Every structure is written in C-alpha cells, then in structure tokens.
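Here is the structure we will look at, set down as structure tokens.
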Number of protein chains: 2
Amino acid sequence: MSARKKKGEEAAGSIRRAPRKLEGLDRKTLTLIESTAERVRTKIDARSLPELRFPARALSNVKYDSKVGYFELGRGQKARALTVNTVKSFAQTLRLMAISKEMVENNDFATKREAYYVSKNWGDCKFNEQVESDTVMDDIEALASLDGLSREQLRYYPEEHGGSVAGSLVVVDTDAETGKPIEIDCTGFGSGSYSIPHSVEHLGFKTEAKFILAIETGGMFQRLNNHKYWKSANCILVETAGVPTRATRRFIRRLADEKKIPVYAFVDCDPYGIANIYRTLKVGSGNAAHINRFFCVPQAQYLGVTPQDIHDFKLQDATHKLLEVDVKRAKDALKNDPFFAAHKPWVKAIEQMLSMGVRAEQQALAKWGLNFVIEEYLPRKLKNVKGFLP
Amino acid sequence: MSARKKKGEEAAGSIRRAPRKLEGLDRKTLTLIESTAERVRTKIDARSLPELRFPARALSNVKYDSKVGYFELGRGQKARALTVNTVKSFAQTLRLMAISKEMVENNDFATKREAYYVSKNWGDCKFNEQVESDTVMDDIEALASLDGLSREQLRYYPEEHGGSVAGSLVVVDTDAETGKPIEIDCTGFGSGSYSIPHSVEHLGFKTEAKFILAIETGGMFQRLNNHKYWKSANCILVETAGVPTRATRRFIRRLADEKKIPVYAFVDCDPYGIANIYRTLKVGSGNAAHINRFFCVPQAQYLGVTPQDIHDFKLQDATHKLLEVDVKRAKDALKNDPFFAAHKPWVKAIEQMLSMGVRAEQQALAKWGLNFVIEEYLPRKLKNVKGFLP
C-alpha cells in the first residue's frame, strides 16, 4: 500500500487549501528555521562540526521581576554539537524543524503526538518514545521563544482545545479553503457556546465588552450563560474548566491585550483555585519559563470567591474543612511562591483561609438561591473592582 | 444581608425570561411531580403514613435483551415509608421534587452540586454531604425514567458540558429571553467549534449529513475539522474527548434518532477505546441501568481503529505493547461483558488484539503522513461500512 497520493489523483477527502502569502509571524518562523539550517550547512561545507544552541530550560536559568509579571528565561544556553553520541538527536531536531517549515508553507499543523508518529517513517532516526520527541520539541520551542515565537507558530499544536466562550464578542477566524474571514458571534449560541480552537494565533476580535470573566467551573459558566449574564453585564464569559489549557490562556491574553479590557477570575475559594488555577492564569508556571511570556495573563485580577466573601456573604455553613493537602498547598504558596510573596494582600488572604480552616466553592452561593450569584454577588463585587486581590 | 430581592427591585444582572407554555415533556414532568405529591398528601389527609416507591437501582434488577440493545431496569422496587428513621430523607426527596417543579415553571435548572448547596438553607433538613443529595436524586431519576423522563427534564443538569461539534449541521436552540428559535450553523466556526450544552433535550436539528463521526481524541477532531473533512465527506464531527459525557451521548442519540443517520465511532484500538469509550457510547453502563435508555446510542458502529487495521495499514511499528491493565480489561470484556459476548465479531477482534499483544492509537496513522487519515484511511474504511464491527 502506498501512502503517497499518485500525481494528479484528487484526494478523496481533502479540501483545496487557500493559497497564502507568507507574512508576519509565519515569515518570521520560516526565517528562524532557515537561518538555523543555514548555519548548520555552512559549518558542514567548511568541514567543521555543526552545533545547535538552545536556551537552558531549568529553574536555575529563570529570573523573576514583579514588574514584568512572569518568570523569564535567562541567558543560560546549552549546546548540542554534532558528535557520534548526539548524531541521532541532532538529526531529529533538524527533521522536526523541517516539518515545521513544511507545515507553515502548507498552512497545516501537527499535535506533539502526531509528530512522534510521523517519525516512525524516518528509519533509524525515528523516536522510540514520545518523551524523546517532546524533549527535542521543548528545545526548539525554547529557541523560538527567544524570537517571540511560540510552539503554535511552529505549527505544533497542543492535543487539548481551549475552554468555552459566550458573550459580547465576535471572533474573526479565517476560512482555510477560501482564505476569507469568518465572523463568529459569541452571543448567538443559545445554551451552547464557542469552543476555543487548539491554536488561537490567527484569530482576530471585535468587542465592546467591559471585561472578561474567567470562570472555573462548567456549572457556573452554564448558569451565567443560560441567564445571559454577559448581556446585562456587557462582558465575555470564558470557562476554564479547572486549570486553563494553553489555548484558553493564550486566547484570554491575546483578547485582553488587543482590546485592552480587564480580566477577572471567578474561581473556588481554596488553595487549588488560588495557587493553581489563578496563579497559572496570571503569571504562568515555574517549570515552563520559556513559554510564560505567551501564556500568562498578567492583567488578570481575582474577583472571588475570597476568604472574606465567606464572612460577607454568610457562607460559613456551605463550606468544607480544609484537607491536609489543602493546608500543605497553602503553606507552600506562602513559603515558596514568589508571586504570593510579592503581594501582601495575598499573604493576608491565604493566612485568613488557613486560620478559618475552611474552603468554599463558587457554587456555594446557591445557598441563597440559584441566581443569587447573578442578582447579588457579582454586582456587589463589581462595584469595588479596586478591592480585587492582585 | 438579605438574599431575597426586594419587591419591585430590578435585579442587577438577570434577564427577563420568556414566558412559556408548559407542554410536552415539561407538562409530563410536572404531572409526575404533582401526582407523586398528591398521593403523599392524600395519605396524610387520611391520617395514614405516606410512602414513596422507587425502582431498585441494582444489577440484580437489570435485564439485557440484545434486541433492545441496552441494559433495562426490571420491576424491582424499594419503598421509602415515612417513619422516624426516614423522615429526613423523605422530606429531602419531596423538597428536591418541589425545586424541580419550580425550575420547570421558571425555565431554570441546577447542577447536582447547586442542589446540594440550596439545601443549606433548609435548616434541619439540609444535606450534610453531596453524596446524600446525589443518592436521593438518583432515586428520583430512576422514578422519572419509568415515565420516559430523564434527570435533565427534572432540570437537574450535569456539571460537565458535551464535546465539540463541527460540520454539516444546524442546531436549533431557543433564546431564553425572547423564546424565539436560534439557528446555530456548525459549518461556521472556522478552526473552532460548537460546544454542546449541558442539557440537549430542548435542541432541534437540521441536516442533510450522511453520518455522524464520533471521534475519541481532540487532536484527530482538530485535524478533520481544520481540513473541513465534514465538507468533503458530508458528515458531522463530534469530539468525545475520551468517554463521552452524558450530554455528548444524548446529543448524538437525539440527533441520530431524529434524522435517522448512522453513527460511526473512530477511537483508539485499545481495550479502553473499545470496552470503555465505544461500549459506553453504544449500550451504556451496567451500574446506571435506569438512564441507559436515554444515553446510549444503539445505532453506533465501530469504524476503527481495529486490530485488523494494524495489519491492513502497516502500523506495526507505530504500536505500543499492551500493558497488564490492558490485557486485564480485554479479558474482562470477553468474560463478563454481555455486549461483547453477544457479538462474535467482537470476540474475534479482541482475541486478535490479545494475540498480537499491541495497541494502536488513531493518530498512529500519521506515520504515513499527517493527512493520510483524510486522504486514504477514512475513504477506504467508508467504502465497506458493512465490514464495521457491531
């Protein structure tokens, strides 16, 4: 069986892709790949051993400046010189970059998993486990990040898509076949919603919304969407479904940057909601410093639920005791996390939670009626945006 | 702080809901609730102790007929009579049904979690843990299922929404504010998609599609969607993201029933893809017999990836060895699962997988090129629908 189409044979299931001018970030991506290949080629032509240099991806090569707002890569580098021992990974690196070039030119993409499987056709050069291809790809990603290019621009997309969106927003996508713009009106989906694609780099936005509300749980998103909260509050609802995926974080970031609108996070009042979901959304994570610059949302603010809300909205009997794992996570955040250390109000809030010994979910507001959150809680909180935790 | 709105005060964030005629299933739901309450009331008026009767939700009360195609509830019942010991759960049951009535009348809904929190305002009658409210709700759900009503019709919605949809389909929803129909064209989402709402009972459909393709992984859905496979193949793509949620299963079922179109499952060739994802989609699960009638998709057929495909498409070097847990799951399916036992081709296929000792993911097809799945695999499989596993 041949895997290749015969010349002139019309593929059964494929569409004709729109011809593309390579410009902007696509052009930049190609330049990066071509110049890297060029350097390798020049060395080889000169009969010397080529070398690839990547930023070191380790905590020791990270710097944190609270004004920048996220962990940044330092200047540390590691070199991969061509030797008998490195010849395989050297070749694999170049191969993955070659595929990237092809995908940019054809307006295609691959998941990390697909990239691993593609290598099965590379003979001796194939990856044996996906962890090997992921490592090589992380290196390439770190390299590209120095040029302001993300893995998505190299056309390697994450496996998982983004969260759901509803509200006062028109997303502008491009039809792959005609190249024409497609306008997606996020007020038009009834009880359903718009599911953010795996990569959002190519999207444009039209909106007059006053803010973006990033919501932790599907249940709360559903309530606010079905009651058209986005209409009365003139906002955009984004469901993060726990810790937001790369695509969700990037979507919120690009939208907030481009339209200059604030981002409010509405999550459970527990160490996971605060130290994992909110913190990852806002400043990124420690072990992925090379991508934080794309995927964090430094403008995010914490609307709630706060430990003080438990008092202010009389939720005491709708709370749960903090488990040992919660206490550990909260103490860890206070002790080891530069983000919380940099913000006194957060230290106070986490200490308050620890001294109360309880956590509260956002749906606990249902104690006062299913739509209390819409009629009382959110309007009251939004009257004092300056009081939001940083 | 008062949780109730003052009379005449316009709620800050809520919309005016469209007035509704209660008809069809809503009418039926109210009738069920009212007649149950009526019986309790009559008993009390006659100074005797009221009783509620629910179907027994146990495997011992399940029957399986391969013509029906899913596990059905038997006639076994359990009674909850009002006694000193049962007074609390008796009251809780009636309270949850009362809320259900209110939600039907107001066109509102609650997640199981919200229902638990609402009880925090019931004084002595409140639930202490969500597992208590879930058990009572399961009883009510089983009761309603005998009348052909699902939990969603009682207005208790699942926390998680459905998967993503793209392709030749217009979903007809209803605007909660105006009561007017909303048409959602699933060809219009570009690289994004339509996210199925938490409950789909109220949706209508318009389509000329030839089949529904239920896809396990986000990566594969993304490829088929971005290349508009739904256009060239005239089909509807649904991403299940692993085992499909209630909403996804119900969406596919209602769509396939109403439009009389076949459903093809495209999942990984491994015991989890076959015995968990596909089997749950097609016949439901053993411990939830009272809901299978709504949530299974008996018309589903298994397109692939099959163990035979590993040979036919030369994927041997893109497979993974079966782990112990895989082997156990496969042997379990052969030995204990009435669905596989009833279908010889399945027994043969699972035995073939066990003797090969390997599994293959759907993205393994990328070995032959990223779009081999679109250009070769799917067209070749679809030429022989009769060869699909049952």
Side-chain angles (χ1 to χ4, degrees), chain A residues 1 3 5 11-15 108 110-111 113-114 117-118 120-121 157 159-161 164 171 173-177 182 184 188-198 217-219 222 226-229 231-233 313-314 317-318 363-364 366-372 374-376 378-379, chain B residues 1 3 5 11-15 108 110-111 113-114 117-118 120-121 157 159-161 164 171 173-177 182 184 188-198 217-219 222 226-229 231-233 313-314 317-318 363-364 366-372 374-376 378-379:
Chain A
M1 179 201 62
K5 262 187 311 172
S14 61
I15 58 160
D108 211 339
T111 62
R113 196 134 195 84
E114 284 176 324
Y117 281 120
V118 164
K120 293 298 183 186
N121 217 359
Y157 287 7
E159 180 74 28
E160 76 282 348
H161 59 69
S164 301
V171 176
D173 203 334
T174 308
D175 189 297
E177 207 177 355
I182 303 174
I184 301 156
F189 301 127
S191 54
S193 50
Y194 169 69
S195 178
I196 299 172
H198 299 237
T217 65
Q222 174 185 209
N226 285 29
H227 284 268
K228 286 198 184 172
Y229 175 71
K231 185 175 176 189
S232 54
F313 294 88
K314 298 200 199 322
D317 59 354
Q363 292 185 306
K367 175 195 161 184
W368 297 112
L370 290 171
N371 293 313
F372 175 75
I374 295 176
E375 290 159 12
E376 295 260 355
L378 288 171
Chain B
M1 181 201 65
K5 262 185 311 172
S14 61
I15 57 159
D108 211 335
T111 62
R113 196 130 194 88
E114 286 177 321
Y117 281 120
V118 164
K120 293 298 183 185
N121 215 357
Y157 287 8
E159 181 74 26
E160 74 282 350
H161 58 69
S164 300
V171 176
D173 202 333
T174 308
D175 188 295
E177 209 176 353
I182 302 174
I184 300 156
F189 288 88
S191 55
S193 50
Y194 168 69
S195 177
I196 300 173
H198 299 237
T217 64
Q222 175 183 210
N226 286 27
H227 284 267
K228 286 196 185 174
Y229 176 71
K231 185 177 177 187
S232 53
F313 294 89
K314 300 202 200 314
D317 59 356
Q363 292 185 305
K367 175 193 161 185
W368 297 112
L370 290 171
N371 293 314
F372 176 74
I374 295 175
E375 290 159 11
E376 295 263 354
L378 288 170

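Reminder, nothing fancy here: chain letters follow the sequence lines and each chain counts from 1. These figures come from a predicted structure and were not determined experimentally.
Considering only heavy-atom pairs separated by less than 4.5 Å from chain B, the leading option among A:Thr217, A:Leu370, A:Asn371, A:Ile182 is A:Leu370. Each of B:Gly188, B:Ala110, B:Ala318 has some count of heavy-atom pairs under 4.5 Å with chain A, and the biggest count is that of B:Ala318. Each of B:Glu160, B:His198, B:Lys120 has some count of heavy-atom pairs under 4.5 Å with chain A, and the biggest count is that of B:His198.
Once rounded to the nearest 0.5 Å, the distance linking OG1 of B:Thr111 with CD of A:Gln222 reads 7.0 Å.
Residues passing the ring pair (Phe, Tyr, Trp, His ring centres under 6.0 Å) test with A:Tyr117: none are found, sequence neighbours excluded. Remark: B:Tyr157 pairs with B:Phe109 by the ring pair (Phe, Tyr, Trp, His ring centres under 6.0 Å) rule, at least two apart or across chains.
Judged by distance alone, with hydrogens and angles left aside, the side-chain atoms of B:Glu159 form a donor-acceptor pair with the main-chain N or O of A:Gly219 at under 3.5 Å.
Within the 4.5 angstrom heavy-atom criterion, no atom of B:Leu378 approaches chain A. For chain A, the nearby parts of B:Asp317 are the backbone and the side chain; heavy atoms of each come within less than 4.5 Å. Residue B:Ser164 touches chain A through its side chain alone, counting heavy-atom pairs closer than 4.5 Å.
Partner of B:Ser191 under the side-chain hydrogen bond (donor to acceptor under 3.5 Å, both in side chains) criterion, chosen from A:Asp173, A:Asp175, A:Thr174: A:Asp173.
Contact detail for A:Phe189 and B:Tyr194: the closest heavy-atom pair is O-CE1, 4.4 Å. Between A:Asn226 and B:Ala176, the closest heavy-atom pair is O-CB, 3.9 Å.
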